[in-house]
Amino acid sequence: MHVTLLNKILIPALSILITSTVLDALFISEIVVQRLETHTLGMLQTGNNILSNNIHSTANSYLINIRAIAQLPDIRNLANALMNPSEDKEQLSKALKNVQELLENMPDNYQTFIQINFASLSGEVIASSHIASVGKVNVHDRLYFQRALQGKCNFSRPQVSRSVGEKCLMVASPVYGNSRLVSGVIYFIIPCRWLAAETIDDIDLAHKGYSYLVDFDSGLLLAHPNFQKVQSMNMFYYQPWLKNLSPGESGIMKDYYNTEGKRQLVAFRMEPTSGWIAVSCIDASEVERHGTEIRNLIIGLTLATTLVVAVLLSFVIRSMTSDVSFISRYAHDVANGDLDRSLMLTRDDELGILADALRSLVLSLKKTIRVEKEQNKSFREATQLLYTSIYQINVTADSFSSQSLNKQFTSLGDKTRPYSESIQLMAQKCIKSEFQDAFLNFFDREKVIQAFEKGEVNRSFDCLFHSSETDPFEWIRLDQHLFKIASTGDIHMYLYTKNIHTEITNEIQARFDSLTGCLSRGALESNILDRLKREPSENFAFFIMDIDNFKTINDQFGHGFGDFCLKQFAQRLQNTFRRDDIIGRIGGDEFVVFINCPSQEWLQQKASKLRAALDMDCTDGYSDWHISASIGVATYPQDATDYDELYRRADAALYAAKAAGKNTVHFFIEADLDAPKTA
């Protein structure tokens with residue numbers, strides 16, 4: 001009877017209890033699996049946000065670097081030279097050489113790339129850190145080059161670089177000359193392997209998870225743990241939904257299927273600065289497998305004994321709920337920017353793996369922030385090396401950014417002054433008089449603000465400057481960079497000063513003959529070519545002349561008296577012609593004059609007066625000599641239509657004048673070209 005009662009009551013009750021407990025266990029285990037998946041998605045989204053910050057930091061770093069390089073003086077000098085290449089070929093050659101040396105020896109703080117190139121407006125690479133690319137590469141049809149010509153710093157689509165031999169990314173920036181027109185494009189090449197190392201390689205996701213980057217413009221992979229996929233895979237072909245994302249759009253997906261047909265848990269975000277799509281994913285089957293293990297464990301323990309199941313289930317639920325909540329709070333704090341909080345959780349199960357992955361993501365973000373700070377510090381230090389002094393001025397408020405800068409800038413006086421008064425004092429005491437009006441106009445507050453509103457944010461001014469009345473004047477360059485502070489609306493100015501005295505002095509010396517003060521051969525040719533280009537329809541006369549029997553002067557009286565005669569000869573030339581006539585010495589006792597020619601009759605009279613003016617006595621108090629000149633004349637466009645032919649025909653006329661007995665003028669005729677050249 002007792003057994004029957006047990007069978008009728010206890011066994012059914014136990015069966016009901018066990019069945020109920022198993023059902024409860026199944027229900028609870030299902031909840032755990034769902035929460036595991038939910039929190040996995042939350043962790044993925046947090047991790048993908050960190051990855052997006054990585055991308056934003058890296059992309060900004062590339063853009064900052066390329067803009068900084070585009071602003072380097074040697075780069076801008078080449079840009080200016082390219083605007084008018086025919087005006088001064090020597091200056092263009094020098095600027096090109098300086099840029100080539102700069103690109104081959106780029107400072108370490110700019111070394112975020114494998115190769116850097118400078119392309120002209122035609123797309124031809126004219127300077128490169130990879131010398132084999134110079135003259136061999138033309139990028140005129142590349143989208144990043146066209147965007148740069150439109151004034152945009154931008155990233156290219158991923159493409160295989162022939163010089164690197166693998167898929168790379170190009171970062172391009174326009175280069176502006178002083179005219180604020182785009183004069184060239186500077187771009188550097190970053191292998192996609194490097195981009196992966198800087199963004200995804202340090203990110204460690206649990207459950208066989210991984211991250212990758214997709215280029216929004218083309219759909220091609222930019223970075224992936226499997227580099228072979230980067231070389232060929234188009235994600236828009238396999239997952240067309242990616243191409244419909246908007247800048248800054250983000251989200252998560254539970255029912256995403258990869259190219260192998262496997263379901264994945266995915267977090268994605270479009271990073272607007274670079275236009276790259278960051279995707280982080282974890283294999284859903286791995287999460288489900290871990291969930292199944294938990295479910296089987298709970299059910300097995302429940303079937304063994306109701307008590308053990310109840311105790312174990314209570315312990316598991318309490319333990320997992322506590323740790324999952326702890327991880328959730330930690331992830332929430334990290335998403336809100338609290339990176340200093342520690343995740344003190346050590347487990348050997350799935351939650352432990354999730355905790356480890358989240359800790360790895362936080363460490364990666366900290367590393368990225370530290371690298372960005374170090375790069376900003378390096379950029380500031382590099383800027384300070386390029387310039388003598390740097391000041392920040394609040395133009396709107398008429399003040400300096402700090403009292404220390406105010407005292408440094410206004411050290412000429414004995415009190416602190418507003419910016420506008422400091423400029424007045426500096427003009428009076430430090431700037432040479434002929435530059436003072438232009439200096440005050442350049443730094444006038446209202447005109448600076450007007451320049452900013454017109455988009456002229458980078459301006460330069462060269463003048464003669466000295467620190468005190470006892471110091472000599474030297475050439476300096478003052479560069480302004482204007483920008484607006486968003487929070488206040490005030491316009492600020494970075495003012496950079498640089499000593500360019502040696503550069504300007506060398507340029508002046510190269511243009512003039514040191515003995516006579518006439519133009520040097522190169523400057524003479526440049527000025528004549530420029531005049532012909534600007535006034536192609538005008539009539540010109542080209543005189544070549546030399547001193548008769550000049551060798552006798554040097555042989556009989558020495559080179560000192562010979563130099564004296566050359567200076568007297570040059571002085572007489574300069575007194576005979578107008579200020580805008582082109583007068584140069586092309587070597588020895590040979591001189592050239594290039595003038596406008598109103599008529600043939602006027603030219604005949606001018607040549608006759610010139611011959612008479614150069615027929616003169618020279619005496620320095622110790623030696624006496626009577627000098628005369630033989631003169632050959634050719635005209636433009638009657639005798640020749642280009643510089644080289646004009647020179648050749650005037651030179652033939654000079655030899656004809658010498659053959660006629662010297663001290664005479666000879667106008668070119670065709671027969672002069674066949675006559676023998678005898679002195």
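All values reported here derive from a predicted model rather than from experimental measurement. Sequential numbering from 1 along the given sequence is applied to the chain's residues.
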Using 4.0 Å as the upper bound for N to carboxylate O, is an ion pair formed by Arg648 and Asp644? no

Residue list, side chain to side chain contact (heavy atoms under 4.5 Å, CB included) with Arg579, at least two apart or on another chain: none

Once the angle between the rings of His481 and Phe483 is folded into 0 to 90°, is it parallel (under 30°), tilted (30 to 60°) or perpendicular (over 60°)? parallel

Within 45 degrees of the ring normal and closer than 6.0 Å to the centroid, is that where the cationic atom of Arg180 sits relative to Tyr176? yes

Could you tell me which non-hydrogen atom of Thr664 sits nearest to which non-hydrogen atom of Ala657, and how far apart they are? CG2-O, 3.2 Å

Could you give all pairs that pass the salt bridge (charged side-chain N to carboxylate O under 4.0 Å, His left out) test and reach residues 65-76, with sequence neighbours left out? none

For Tyr494 and Tyr391, I'd like to know if the aromatic rings sit close, meaning centre-to-centre distance below 6.0 Å. no

For Asp437, check salt bridge (charged side-chain N to carboxylate O under 4.0 Å, His left out) against everything at least two apart and list the hits. none

Would Asp471 and Ser467 satisfy side chain to side chain donor-acceptor pair (under 3.5 Å), going step by step from the backbone distance to the final call? CA-CA 7 Å; Asp471 294 332; Ser467 300; 4.5 Å; no

Return yes when atom CZ of Arg162 has more than 12 non-hydrogen atoms of other residues, nucleotides or ligands closer than 6.0 Å, and no otherwise. no

Could you state the interatomic distance from CZ (Arg417) to OG (Ser399), rounded to the nearest 0.5 Å? 15.5 Å

Partner set under salt bridge (charged side-chain N to carboxylate O under 4.0 Å, His left out) for Asp398, not counting sequence neighbours: Arg445

Find the distance between CG (Leu482) and CE (Met493) and round it off to the nearest 0.5 Å. 6.0 Å

Set out, in order, the CA-CA distance, both residues' side-chain angles and the distance that settles side chain to side chain donor-acceptor pair (under 3.5 Å) for Glu90 and Ser93, then state yes or no. CA-CA 5 Å; Glu90 183 178 347; Ser93 177; over 6 Å; no

As an exercise, state the distance from CG of Leu614 to CZ of Phe591, rounded to the nearest 0.5 Å. 9.5 Å

Which donor-acceptor pairs under 3.5 Å do the side chains of residues 558-573 make with protein atoms, sequence neighbours left out?
{"unit_1": "Gln571", "atom_1": "NE2", "unit_2": "Asn575", "atom_2": "OD1", "d": "3.2"}
{"unit_1": "Arg572", "atom_1": "NH1", "unit_2": "Ala613", "atom_2": "O", "d": "2.5"}

Determine whether Phe542 and Thr635 make a side-chain contact, defined as any pair of heavy atoms from C-beta on separated by less than 4.5 Å. no

Which value, rounded to the nearest 0.5 Å, describes the distance between Leu92 atom CG and Leu82 atom CG? 5.5 Å

Minimum heavy-atom distance between Ser163 and Ile189, given as atom pair plus value: OG-CD1, 4.2 Å

Here's one to test your reading of the geometry: is the NZ or CZ of Lys606 within 45 degrees of the ring axis of Phe577 and under 6.0 Å from its centre? yes

Begin from the C-alpha positions of Ile75 and Val99 and carry the test side-chain contact (heavy atoms from CB on, under 4.5 Å) through to its verdict. CA-CA 6 Å; Ile75 300 293; Val99 169; 3.8 Å; yes

Could I get the full list of side chain to side chain contact (heavy atoms under 4.5 Å, CB included) partners for His626, not counting sequence neighbours? Asp615, Asp617

Contact between Ile553 and Ile627 at the side-chain level, heavy atoms closer than 4.5 Å - yes or no? yes

Throw together a table of side-chain donor-acceptor distances under 3.5 angstrom for residues 129-139, partners on residues two or more places apart or in other chains.
{"unit_1": "Ser129", "atom_1": "OG", "unit_2": "Ile116", "atom_2": "N", "d": "2.9"}
{"unit_1": "Ser129", "atom_1": "OG", "unit_2": "Ile116", "atom_2": "O", "d": "3.4"}
{"unit_1": "Ser133", "atom_1": "OG", "unit_2": "Gln115", "atom_2": "NE2", "d": "3.1"}
{"unit_1": "Asn138", "atom_1": "OD1", "unit_2": "His140", "atom_2": "N", "d": "3.0"}
{"unit_1": "Asn138", "atom_1": "OD1", "unit_2": "His140", "atom_2": "ND1", "d": "2.6"}

Checking Arg649 now: which residues fulfil salt bridge (charged side-chain N to carboxylate O under 4.0 Å, His left out) with it, not counting sequence neighbours? Glu645, Glu670

Please examine the side chains of Leu425 and Ser422, heavy atoms only from C-beta on, and report whether any two atoms are closer than 4.5 Å. no

Is the closest side-chain heavy-atom distance between Ile476 and Lys498 below 4.5 Å? no

Nearest 0.5 Å, what's the CD1-CZ distance between Ile69 and Phe118? 12.5 Å

What are the two closest non-hydrogen atoms of Ala70 and Pro174, and how far apart are they? CB-O, 3.7 Å

With sequence neighbours left out, write down each residue that passes side chain to side chain contact (heavy atoms under 4.5 Å, CB included) with Phe461, or none if nothing qualifies. Ala438, Phe439, Phe442, Cys463, Leu478

Answer yes or no: is there a side-chain heavy-atom contact under 4.5 Å between Ile186 and Ile66? yes

Keeping to residues at least two apart or across chains, list the salt bridge (charged side-chain N to carboxylate O under 4.0 Å, His left out) pairs with something in residues 540-552. Asp546-Lys658, Lys551-Asp555

Using the ring of each side chain (for Trp, its six-membered ring), is Phe557 parallel, tilted or perpendicular to Trp625, with breaks at 30° and 60°? perpendicular

Indicate whether the side chain of Asn596 and that of Arg531 have a donor and an acceptor atom separated by less than 3.5 Å. yes

Taking every non-hydrogen atom, the tightest pair across Cys597 and Leu603: SG-CB, 3.6 Å

Spacing of Gln424 atom CD and Leu440 atom CG [to the nearest 0.5 Å]: 5.0 Å

State, with a plain yes or no, whether a side-chain heavy atom of Phe400 is found less than 4.5 Å away from one of Tyr419. yes

Are a donor atom and an acceptor atom from the side chains of His466 and Glu474 found within less than 3.5 Å of each other? no

All heavy atoms of Phe145 vs all of Ser120, minimum pair found to be CZ-O, 3.3 Å

Any side-chain heavy atom of Asn98 sitting closer than 4.5 Å to one from Leu78? no

Side-chain donor-acceptor contact under 3.5 Å, Asn549 with Lys662: yes

Go through the structure and list residues passing salt bridge (charged side-chain N to carboxylate O under 4.0 Å, His left out) with Lys533, not counting sequence neighbours. none

Is Glu434 atom CD crowded by more than 12 heavy atoms from other residues, nucleotides or ligands, each under 6.0 Å away? yes

Side chain to side chain contact (heavy atoms under 4.5 Å, CB included) partners for Gln605, two or more places apart: none

Going by distance alone, is a donor N or O of one side chain under 3.5 Å from an acceptor N or O of the other, for Gln480 and Asn458? no

Step-by-step side-chain contact (heavy atoms from CB on, under 4.5 Å) determination, Ile631 to Ile544: CA-CA 6 Å; Ile631 305 171; Ile544 295 183; over 6 Å; no

Quick one: are the ring centres of Trp475 and Phe435 less than 6.0 Å apart? yes

Are Phe594 and Phe540 close enough that their ring centres sit under 6.0 Å apart? yes

Can you give me the closest heavy-atom contact between Met545 and Leu610, atom names plus distance? CE-CD2, 4.1 Å

Testing the 3.5 Å rule here: is there a donor-acceptor pair between the side chains of Gln100 and Glu104? yes

